[in-house]
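Down below is the structure, laid out as structure tokens.
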Number of protein chains: 2
Amino acid sequence: MSPAAIVDHAEGESAALTAAADLFYKHGIAAVTMSEIRDQSGVSLRRLYTLYPSKVDLVSAWLRHRHQTWTDSFRHRVEQRLQSGDVAIDAIFGALEEWMTETEFRGCAFINSHAEASKLIDDHREIIRLHKESFANYLESLTSQGRALAVIVDGAIVQAAIFAGPDPIHHARHAAEALTAAVTDLQESADSGSDRGLE
Amino acid sequence: MSPAAIVDHAEGESAALTAAADLFYKHGIAAVTMSEIRDQSGVSLRRLYTLYPSKVDLVSAWLRHRHQTWTDSFRHRVEQRLQSGDVAIDAIFGALEEWMTETEFRGCAFINSHAEASKLIDDHREIIRLHKESFANYLESLTSQGRALAVIVDGAIVQAAIFAGPDPIHHARHAAEALTAAVTDLQESADSGSDRGLE
DNA sequence: CTTCTGTGAGAACACCCATTCTCACCGGAG
DNA sequence: CTCCGGTGAGAATGGGTGTTCTCACAGAAG
């Protein structure tokens with residue numbers, strides 16, 4: 001039971017999950033075969049099935065893994081911007097835009113998976129709900145109006161996947177600014193928020 | 001070539017399309033087999049394939065049909081509310097809420113289809129884009145900020161499909177009101193020009 | 001009546017895929 | 001050295017699916 005043993009046991013696991021993540025995200029769950037995952041990962045079918053007893057288990061592992069990595073990456077980007085002096089809305093939408101302009105961007109893995117309706121097990125639906133719930137909570141910790149902001153962001157993600165351009169995210173940012181500005185107005189006039197170019 | 005002949009030629013076509021529409025929307029495209037469409041419609045496989053040479057053609061016909069029927073239904077609901085004196089935002093979100101609370105609601109057929117990525121032909125992607133484009137144009141004819149509103153609405157649809165409750169649509173309406181309120185502020189009071197539907 | 005066209009019912013075909021199995025092989029244990 | 005558990009490569013299995021084909025039949029035309 002040395003540390004090396006643990007590494008040994010996990011051998012190929014990370015390669016398999018990485019390949020699965022790449023393929024599932026790019027092509028959708030149903031369109032990817034176990035053989036393709038073997039080809040891309042170099043992990044044999046036999047080992048694949050000892051690591052994940054069925055494709056369902058692999059999908060499940062992918063969704064959990066995706067939740068972790070995506071959340072980490074997004075929060076990291078947001079926090080970087082916050083430390084650069086960005087206000088919350090700018091940090092959030094800057095991070096989103098950065099993600100959406102990646103060449104591999106194909107929308108939200110969880111929304112996409114949810115659309116493959118009948119093939120999903122209840123287990124998967126639960127992970128999807130939890131991811132969206134977690135994301136909304138995070139936005140809520142950054143701004144008031146977090147739930148409404150989450151709706152806007154999901155709309156932007158979906159439209160960015162359908163139309164390839166940058167318009168959806170700009171419209172979303174515009175809506176988000178109106179949303180938070182309205183609250184700011186209510187919250188006392190305070191200083192005169194000179195509307196920066198909302199572009 | 002009497003009118004009866006035309007009817008004869010179309011015999012079963014409507015039944016086939018109705019069944020396909022129901023099944024595709026409920027279960028997703030890939031999950032529905034031609035045999036299931038035959039069983040539910042009563043149209044034999046042979047006739048099915050003379051009407052639609054391949055499943056791809058049937059999917060294509062469904063998307064076009066869905067665009068028509070959904071758009072008609074939505075506009076009808078909106079116009080009813082407008083005539084009842086609702087302001088544009090209330091008419092739009094009232095119509096949406098009515099749709100989303102139907103028991104068969106499973107999100108937007110176009111967003112869902114788009115998520116089944118690799119199985120879609122370019123033809124289908126184009127229909128999906130056109131539908132969203134058309135919808136945004138319609139919102140734009142009803143309110144200023146139509147594009148941003150379209151983003152919010154898509155977010156609400158997606159979240160309503162994931163979470164079953166009414167919260168997403170309420171958050172969306174809240175955001176939409178903030179959006180138009182902000183513009184109204186800028187535009188001074190002014191009167192509301194009632195745009196007739198275009199197209 | 002016969003002939004021809006088009007149909008329904010369903011078998012047949014030609015794939016594809018998740019999952020399992022075979023078998024030769026390799027490294028460690030005794 | 002032999003023995004053995006676990007492995008990779010890939011074939012086999014069992015089931016499913018889009019599409020086509022067979023065949024018997026119904027009805028219009030001659």
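The chains referred to below are lettered A, B, ... by the order of the sequence lines, with proteins before strands, and numbering in each begins at 1. No experiment lies behind these values; they were computed from the predicted model shown.
- Between B:Trp70 and B:Phe135, the ring planes lie perpendicular to each other; the angle is over 60°, past the 30° to 60° tilted range.
- To the nearest angstrom, P of D:dG5 lies 18 Å from CZ of A:Arg47.
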(request) Evaluate salt bridge (charged side-chain N to carboxylate O under 4.0 Å, His left out) for B:Arg77 paired with B:Glu97, printing each intermediate quantity in order. (result) CA-CA 11 Å; B:Arg77 281 172 173 162; B:Glu97 194 158 357; over 6 Å; no
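- Looking at every heavy atom in both residues, A:Ile89 comes nearest to A:Ala176 through CD1-CB, 4.0 Å.
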(request) Can you check each nucleotide of nucleotides 10-24 of chain D against protein heavy atoms at under 4.0 Å and return B for base, S for sugar-phosphate only, - for none, in 5' to 3' order? (result) -------SSBB-BB-
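- A salt bridge is defined here as a Lys NZ or Arg NE, NH1 or NH2 lying under 4.0 Å from an Asp or Glu carboxylate O, and A:Lys26 with A:Glu104 fails to meet this definition.
- Shown are A:Leu139, A:Leu82, A:Asp86; of these, the side-chain contact (heavy atoms from CB on, under 4.5 Å) with A:Ile92 is made only by A:Leu139.
- If you take CG of B:Asp39 and C1' of C:dA9, they are 12 Å apart, rounded to a whole angstrom.
- A:Tyr52 places its OH atom 20 Å from the C1' atom of C:dT20, with the value rounded to the nearest Å.
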